[in-house]
Amino acid sequence: MDSTPPRRPPRRRWHWLLLVVPFVWCIAATPLVNRVGLVFGAWPFLLVWATAGVVVGTGCLAAVYLIDRRNGDLDRT
Amino acid sequence: MALAIALVITLGAALGGGLLAARGVRMNVAEWSVGGRRFGTVLFWFLLVGETFTTFALLGASQGVFSGGAPGFYVLGTVVLFAAVGYWITPRIWEAGKRHNLLTMGDYFTLRFASPWLGRIMALFGIVALLLYTRVQLTGLGLILGSLFGFDVSPTIYMISGAMLVAVFVLVGGIRSAAFVAVVKDVLLVIALLVVALGGAQAAGVGSVVEVFAGVAAKYPAAATLPGIGGSTSTNLWWWMSFLALTPATFAMPHQFQVAFSAKDVPTIRRNQIIQPLYSLFYVAIIYIAYAAMLVLPRLSNQDANQSLLIFVHQHFPPAVIGLLAGAGILVATVPTAVLIVAATGLFARNVLGGAVRHWGESMLVVRLGVVVFTVLAVLLSISRSEQLVTIMTSMYSAIGQLAPAVVLSLTWRRVTAAAMTAGIVAGGLIVAVPVLGHLALAPFPLGTVVGIPALVINLFVVLAVVPFSKPPAAEAVRVGMPDAAPSRTTADLDMSVRAPVIPPG
């Protein structure tokens with residue numbers, strides 16, 4: 001039963017680097033973000049930034065998902 | 001009035017969900033503990049959300065903002081970071097489960113290292129962590145109902161009734177019940193929070209959302225940035241960064257395996273990693289409500305600040321809203337507790353007992369007894385004494401985080417061994433659990449760093465140091481975690497299901 005054809009090396013998933021974006025946004029960027037304080041009057045910039053982080057992070061996940069789907073890689077673990 | 005609404009909501013959801021879940025399904029252990037691996041996007045989503053948004057959302061999350069302002073904003077980062085890691089790791093755990101009929105985290109480690117003793121140690125450690133987590137939920141339930149209703153009854157009554165409710169619907173339908181009840185829970189929670197948020201400005205005595213923020217900015221200028229109001233090193237930048245860096249480590253909680261196994265396929269899991277973080281935007285509503293509460297409530301001790309959101313609602317909203325939130329609150333505590341009990345019972349039946357007498361791991365009778373025992377244990381643990389929720393959560397995050405390297409390495413490094421991982425977990429666990437060692441390990445790190453970080457570093461070093469001296473696992477064991485690790489499959493594929501004794505139904 002060992003007649004499986006020699007496997008091609010699987011395609012590199014460089015777009016998975018997008019998954020690092022949430023870490024940079026929510027963690028690494030904080031020292032800079034924390035310097036700002038309030039924006040537009042009374043809005044804490046850290047809150048605005050963290051909320052935007054959820055949206056941006058979701059966008060990154062969605063992009064990775066869509067690219068994986070296009071490549072037929074959605075089931076690949 | 002409030003009590004009546006809450007009761008109708010809870011009992012309706014629990015009974016309806018429990019019965020619906022069990023309808024037309026023949027219960028066996030696989031059905032009970034991972035829903036027969038058939039959950040599609042919707043049910044899987046609710047189950048995951050049910051696990052992510054626990055009593056912590058109503059208590060700890062608002063406490064962080066109410067007490068300190070900016071430090072509490074960290075909650076917004078947790079889910080998206082978890083999802084970014086989960087996109088890669090959850091499908092791999094799921095795949096191992098699918099191929100080898102795994103039902104628990106203990107099953108996974110048993111097969112991956114061909115080592116029942118490792119499975120048993122993981123199971124015991126996991127059970128302790130789960131019980132601790134269950135205690136957080138039940139304690140939270142006591143606080144939620146205590147401050148919303150304001151009756152002069154002991155929180156113990158609430159905890160016991162909540163635990164009984166959990167036991168009933170878990171006994172009926174296992175993890176499927178939890179998923180079904182979670183549907184009601186999360187819809188209700190969002191409605192309740194939106195209603196409170198809409199009335200928030202008025203209750204705070206100002207005209208609009210903008211005025212709430214302006215009011216807080218004027219009253220507490222320090223609230224906008226870390227380390228927040230009355231800031232200390234425990235809420236500074238380093239705390240923020242190290243704490244968030246640790247959040248993805250919660251995927252090593254045993255019940256995460258349970259939840260992962262329940263999914264129908266990999267795309268279902270991946271779709272969910274996108275939707276999960278979007279749902280976490282509702283933390284914005286909690287943060288906003290906490291801001292409104294800051295304007296009208298006096299400063300509370302950290303202990304009482306856990307209830308700030310609830311006190312605010314109790315004092316400033318009509319009974320109907322209180323009842324709605326209380327109903328949601330009960331479900332917010334009971335759904336996660338249900339999954340935790342399912343996971344703890346599964347670990348106990350399959351990996352602790354099942355290691356000794358194998359068919360016990362497949363017996364519904366053992367499972368049902370396990371549910372009763374763990375529910376009682378959880379209640380006893382909860383009524384023993386009460387601490388501040390966030391503190392418990394943080395120390396647990398750190399302790400359970402010590403399992404994370406084991407999970408990741410088992411999926412990526414074929415040479416890693418059971419002995420090395422155990423040594424690493426013990427080293428890391430000691431640093432987290434023993435304060436003296438923790439202080440020592442933290443010495444080279446900036447003030448504020450969460451102890452889990454140095455513990456992880458040492459954990460990894462210990463693993464690397466022990467690996468060369470321990471025997472590598474067999475190739476077919478490695479393939480449980482790394483299917484591509486060897487060129488072709490052997491005939492002896494590993495499998496966790498029991499073939500020999502068939503237990504008659506009933």
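Residue numbering restarts at 1 for every chain, and letters A, B, ... go by the order of the sequence lines. As the structure is a computational prediction, the values presented were derived from the model and not from experiment.
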Visitor: Quick check on the interface: out of B/A214, B/P91, B/P267, who has the most heavy-atom pairs with chain A under 4.5 Å?
Guide: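 Of the options given, most contacts go to B/P267.
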Visitor: Measure B/E95 against the heavy atoms of chain A and call it side chain, backbone, both or neither at under 4.5 Å.
Guide: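 When you check distances to chain A, only side chain atoms of B/E95 fall under 4.5 Å.
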Visitor: Which one, B/L226, B/T90, B/L244, leads in non-hydrogen pairs under 4.5 Å with chain A?
Guide: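 Looking at each of B/L226, B/T90, B/L244 in turn, B/L226 comes out on top.
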Visitor: Under a 4.5 Å heavy-atom cut-off, does chain B meet the side chain of A/W16, its backbone, both or neither?
Guide: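 Contact with chain B involves the side chain of A/W16 alone.
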Visitor: For A/R69, is it the side chain, the backbone, both, or neither that has a heavy atom closer than 4.5 Å to a heavy atom of chain B?
Guide: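 The answer is neither part of A/R69.
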Visitor: Pairing donors with acceptors under 3.5 angstrom, does anything connect the side chains of B/D265 and B/T268?
Guide: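 B/D265 vs B/T268: donor-acceptor pair found between side chains.
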Visitor: Can you measure from CE (B/M241) to SG (A/C26) and round to the nearest 0.5 angstrom?
Guide: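 If we round to the nearest 0.5 Å, B/M241:CE and A/C26:SG are 12.5 Å apart.
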Visitor: Using a cut-off of under 4.5 Å for heavy-atom pairs, which of B/W240, B/W94, B/Y291 has the most such pairs with chain A?
Guide: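 That would be B/W240.
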Visitor: Do B/W239 and B/S234 pair up side chain to side chain, a donor and an acceptor below 3.5 Å, judged on atom types alone?
Guide: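 No, because no side-chain N or O of B/W239 sits under 3.5 Å from a partner of the opposite role on B/S234.
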Visitor: Between B/R270, B/R92, B/E211, which shows the greatest number of heavy-atom pairs under 4.5 Å with chain A?
Guide: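 Top option by heavy-atom pairs under 4.5 Å: B/R270.
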Visitor: Can you measure from CG (A/N71) to CZ (A/R11) and round to the nearest 0.5 angstrom?
Guide: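 So the gap between those two atoms works out to 4.0 Å.
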Visitor: Pick one of side chain, backbone, both or neither for A/V64, based on which atoms fall under 4.5 Å of a heavy atom in chain B.
Guide: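 Answer is both: backbone and side chain atoms of A/V64 are under 4.5 Å from chain B.
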Visitor: Rounded to the nearest 0.5 Å, what separates atom CD1 in B/I93 from atom CZ in B/F261?
Guide: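 So the gap between those two atoms works out to 7.0 Å.
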Visitor: Heavy-atom cut-off 4.5 Å, strictly under: side chain, backbone, both or neither for B/L237 against chain A?
Guide: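 When you check distances to chain A, only side chain atoms of B/L237 fall under 4.5 Å.
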Visitor: Which answer fits B/P221, side chain, backbone, both or neither, if we ask what part of it has an atom under 4.5 Å from a heavy atom of chain A?
Guide: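 Neither part.
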Visitor: For B/N272 and B/Y87, test the side chains for any donor-to-acceptor distance below 3.5 angstrom and give the result as yes or no.
Guide: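 Looking only at side-chain atoms, B/Y87 and B/N272 do not form any donor-acceptor pair under 3.5 Å.
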Visitor: Does a donor on one side chain and an acceptor on the other come within less than 3.5 Å for B/T41 and B/R271?
Guide: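 Looking only at side-chain atoms, B/R271 and B/T41 do form a donor-acceptor pair, the distance falling under 3.5 Å.
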Visitor: Heavy-atom cut-off 4.5 Å, strictly under: side chain, backbone, both or neither for B/I275 against chain A?
Guide: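 For B/I275, there is no contact with chain A at all, as no heavy atom is under 4.5 Å.
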Visitor: If we define contacts as heavy-atom pairs under 4.5 Å, which of A/V36, A/T51, A/V55 has the most with chain B?
Guide: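 Top count of heavy-atom pairs under 4.5 Å with chain B: A/T51.
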Visitor: Top residue by heavy-atom pair count (under 4.5 Å) with chain A, among B/I89, B/L411, B/V216, B/V266?
Guide: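 Option with the top pair count is B/V266.
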Visitor: Are the side chains of B/V80 and B/S280 in contact, using a 4.5 Å heavy-atom criterion?
Guide: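 Side-chain contact under 4.5 Å: no.
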Visitor: So that I know where these two stand, are B/Y283 and B/F53 an aromatic pair - ring centroids less than 6.0 Å apart?
Guide: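 When the ring centroids of B/Y283 and B/F53 are compared, they turn out to be within the sub-6.0 Å range.
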